[in-house]
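Chain naming here is simple, since letters A, B, ... match the order of the sequence lines and numbering starts at 1 in each.
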Amino acid sequence: MNYWLMKSEPGTYSWDDLLKDGSTFWDGVRNYTARNNMKSMKVGDLAFFYHSVKQTRILGVAKIVKEYYQDPSTDDDRWVAVDIEPLSALNNPVTLEQVKSDDRLSDMILVRQSRLSVQPVTKEEWDIIMKLGS
DNA sequence: GCCAACGTTGGC
DNA sequence: GCCAACGTTGGC
């Protein structure tokens, strides 16, 4: 079981949109590192849902419900999509500011490589953020 | 709106 | 295979 973090601009697709839809397919990724992370996802893995650009914070937890398949938004077979469902919202969303100011989270890719849109999260980081958000 | 970071493209 | 040019992401 692995942990991930997936980013979305709330203006494009927000946590509320995911709650409303009940599930979604995560497509449109055009970055090899992010793509490779998506290919490593297994059914049952969990991912933080993060809002980039505006309201930069982790709002909730999504569950991977379908492993990678051809991205339906392109014919190019280099790109893949996965399906996710919302699992639970954080009572207190964890802001980027909180993550950056917490020494225990200073190695998070979210901080170190801010442009990567699908990234792994360690169990330790996961537990800390879950606690901060509860 | 600006700009740093970083990924991709294409000329050589 | 290197690297300059360019495009995009995302924090501020």
Salt-bridge present (A/Lys123, A/Asp127; N to O < 4.0 Å): yes
Sugar-phosphate only, base, or nothing, as touched by A/Lys54 at under 4.0 Å among non-hydrogen atoms: nothing
Electrostatic pair A/Asp71:A/Arg30 at N-O distance under 4.0 angstrom: yes
Residues within residues 27-37 of chain A bordering DNA chain B, heavy-atom distance below 4.0 Å: A/Asn31, A/Tyr32
Side-chain touch A/Met41/A/Tyr68, heavy atoms, less than 4.5 angstrom: no
Boundaries of the DNA chain C segment in contact with chain A, non-hydrogen, under 4.0 Å: C/dG7 to C/dC12
Note: A/Arg112-A/Asp107 ion pair, threshold 4.0 Å (strictly below): yes
A/Val111 vs A/Val99 side-chain heavy atoms within contact, under 4.5 Å: yes
A/Val121, A/Leu46, A/Thr122, A/Asp45 screened by side-chain contact (heavy atoms from CB on, under 4.5 Å) with A/Asn2, the one that passes: A/Asp45
For A/Phe48, the option from A/Val61, A/Leu110, A/Val94, A/Leu59 that meets side-chain contact (heavy atoms from CB on, under 4.5 Å): A/Val61
Non-hydrogen side-chain atoms of A/Asp77 and A/Gln70 separated by less than 4.5 Å: yes
Close residues, residues 104-120 of chain A, relative to DNA chain B [heavy-atom separation under 4.0 Å]: A/Arg112, A/Gln113, A/Arg115
Aromatic ring pairing A/Phe49/A/Trp26, orientation class (parallel under 30°, perpendicular over 60°, tilted between): perpendicular
Pairwise side-chain contact, A/Phe25 with A/Lys66, heavy-atom cut-off 4.5 Å (strictly under): no
